[in-house]
Amino acid sequence: MKHLLDLRDELDREAEPLSLYFEDFRSLALELSDIEAGQYELDRTLQYLVVCEVGQKSKLAVMYLQSDGIGADHLEGGILGLRKMVEQEFTLPYSDERFRQLLEHPGVRFVSRSGDALVFRGRISAEELASLA
């Protein structure tokens with residue numbers, strides 16, 4: 001099992017769980033201030049990937065963790081960079097049923113109506129997209 005340290009605030013973690021991007025990872029929420037102060041309990045035998053919104057806080061956290069003897073790397077570009085790499089934008093004709101399906105889809109992060117079209121972003125397979133068309 002791989003281990004993630006999530007430095008984002010609670011609302012961001014709830015709105016965009018790391019499980020959208022990482023499978024088979026265990027995630028732990030920490031504050032940068034706690035890492036800086038050494039107020040954390042991490043297994044020194046594990047390697048951690050530290051994640052934040054844009055990659056700056058995680059880069060600093062890795063410096064603190066490594067100075068404490070913890071194996072850690074950070075996600076360059078943070079969740080925003082990762083999102084840009086894995087998400088796509090789609091447009092489909094609007095229907096109430098399609099709108100509801102997209103709102104409930106775990107890989108869809110954003111849905112809006114633009115006239116007679118639905119615009120949505122996220123990770124969705126070609127098969128799932130075809131079933132919505």
Side-chain angles (χ1 to χ4, degrees):
M1 168 131 343
K2 297 173 184 156
H3 300 273
L4 296 166
L5 299 179
D6 194 342
L7 302 182
R8 299 174 303 148
D9 64 38
E10 184 177 352
L11 289 176
D12 287 336
R13 289 191 309 268
E14 288 178 10
E16 191 171 12
L18 292 179
S19 60
L20 289 174
Y21 304 104
F22 299 96
E23 294 179 12
D24 300 324
F25 275 74
R26 179 176 289 155
S27 179
L28 174 66
L30 279 177
E31 297 287 329
L32 178 60
S33 59
D34 291 338
I35 293 172
E36 183 179 12
Q39 298 174 342
Y40 58 86
E41 293 183 25
L42 296 175
D43 186 337
R44 293 183 186 277
T45 66
L46 300 176
Q47 182 72 23
Y48 296 91
L49 178 62
V50 186
V51 178
C52 68
E53 194 65 26
V54 296
Q56 294 301 311
K57 286 173 39 173
S58 60
K59 189 174 186 177
L60 185 57
V62 165
M63 290 179 4
Y64 291 127
L65 291 168
Q66 288 177 345
S67 70
D68 289 344
I70 303 289
D73 293 304
H74 85 287
L75 180 63
E76 188 71 38
I79 291 297
L80 290 177
L82 182 61
R83 185 185 307 144
K84 288 178 185 177
M85 290 186 335
V86 300
E87 281 189 354
Q88 295 180 2
E89 184 168 298
F90 303 93
T91 303
L92 290 173
Y94 179 84
S95 78
D96 289 338
E97 175 64 16
R98 192 173 287 132
F99 185 75
R100 184 191 58 73
Q101 288 175 316
L102 290 169
L103 285 175
E104 294 173 357
H105 191 285
V108 173
R109 194 180 56 78
F110 171 82
V111 181
S112 72
R113 182 176 183 177
S114 179
D116 291 336
L118 280 172
V119 178
F120 60 101
R121 286 192 296 269
R123 292 178 12 171
I124 188 165
S125 71
E127 294 82 23
E128 292 171 311
L129 187 60
S131 74
L132 292 168

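These numbers come from a predicted model, not from an experiment. The figures that follow rest on heavy atoms only: side chains count, while hydrogens, waters and symmetry mates do not.
Side-chain heavy atoms closer than 4.5 Å link hydrophobic residues (I, L, V, M, F, W, Y) into clusters, and following such links, possibly through other members, connects L46 to L42. Residues F25 and V86 share a hydrophobic cluster, clusters being chains of Ile/Leu/Val/Met/Phe/Trp/Tyr side chains in contact below 4.5 Å. The hydrophobic cluster containing L80 does not contain F110, counting ILVMFWY residues as joined when their side-chain heavy atoms lie under 4.5 angstrom apart, directly or transitively. Cluster annotation: I124 is not connected to Y21 through the hydrophobic network of ILVMFWY side chains, with a link wherever side-chain heavy atoms come within less than 4.5 Å.
Between the side chain of D68 and the main chain of I70, no donor-acceptor pair closer than 3.5 Å is present. Judged by distance alone, the side chain of R83 and the main-chain N or O of M85 form no donor-acceptor pair under 3.5 Å. S114 contributes no side-chain N or O that, together with a main-chain N or O of A117, makes up a donor-acceptor pair within less than 3.5 Å. Listed for the R109 side chain is no donor-acceptor partner under 3.5 Å among the backbone atoms of E87.
Heavy atoms from other residues, nucleotides or ligands lying under 6.0 Å from CG of D116 number 12 at most. Sparse packing is recorded around CD of E23, with 12 or fewer heavy atoms of other residues, nucleotides or ligands lying under 6.0 Å away. The neighbour count for E10 CD, taken as heavy atoms of other residues, nucleotides or ligands under 6.0 Å away, does not exceed 12.
For the atom pair CG (L60) and CG (L7), the distance works out to 9.5 Å, reported to the nearest 0.5 Å. With values rounded to the nearest 0.5 angstrom, S19 atom OG is found 13.0 Å from R13 atom CZ. Within the model, atoms OG of S58 and CD of E76 stand 8.0 Å from one another, a figure rounded to the nearest 0.5 Å. For the atom pair CD of E53 and CG of L82, the computed distance is 11.0 Å after rounding to the nearest 0.5 Å. Put simply, CD on E41 and CG on L30 are 10.5 Å apart, with the number rounded to the nearest 0.5 Å.
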Task: Derivation of the side chain to side chain contact (heavy atoms under 4.5 Å, CB included) call for D24 and K2 - done: CA-CA 7 Å; D24 300 324; K2 297 173 184 156; over 6 Å; no

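For residues 27-38, the set of pairs meeting the side-chain hydrogen bond (donor to acceptor under 3.5 Å, both in side chains) definition, not counting sequence neighbours, comprises E36-Y64. Applying the ring-ring contact (aromatic ring centres under 6.0 Å, His included) test to every pair with at least one member in residues 36-62, sequence neighbours left out, gives these pairs: H3-Y48.
A pairwise comparison of heavy atoms in L20 and P106 identifies CD2-O, 2.9 Å as the closest pair. Here the closest non-hydrogen pair linking R113 and L118 is CA-CD2, 4.4 Å. Summarising the geometry of V50 relative to A61, their closest heavy-atom pair is CG1-CB, 4.0 Å, with the distance given to 0.1 Å. When all heavy atoms of K57 and C52 are compared, the pair lying nearest together is N-SG, 3.6 Å. For the residue pair L92 and L132, the shortest heavy atom distance occurs at CD1-CB, 3.9 Å.
Taking the side-chain hydrogen bond (donor to acceptor under 3.5 Å, both in side chains) definition, one finds that D96 meets it with Y94, sequence neighbours left out.
Between R123 and E128 no salt bridge is recorded (no basic side-chain N to carboxylate O distance below 4.0 Å).
With contacts defined as side-chain heavy-atom distances shorter than 4.5 Å, the pair L49/L5 does not qualify. Residues D12 and I79 form no side-chain contact, since every pair of their non-hydrogen atoms from C-beta on lies 4.5 Å or further apart.
Checking V51, V54, L4, L18 one by one against L75, the side chain to side chain contact (heavy atoms under 4.5 Å, CB included) holds for a single residue, V51.
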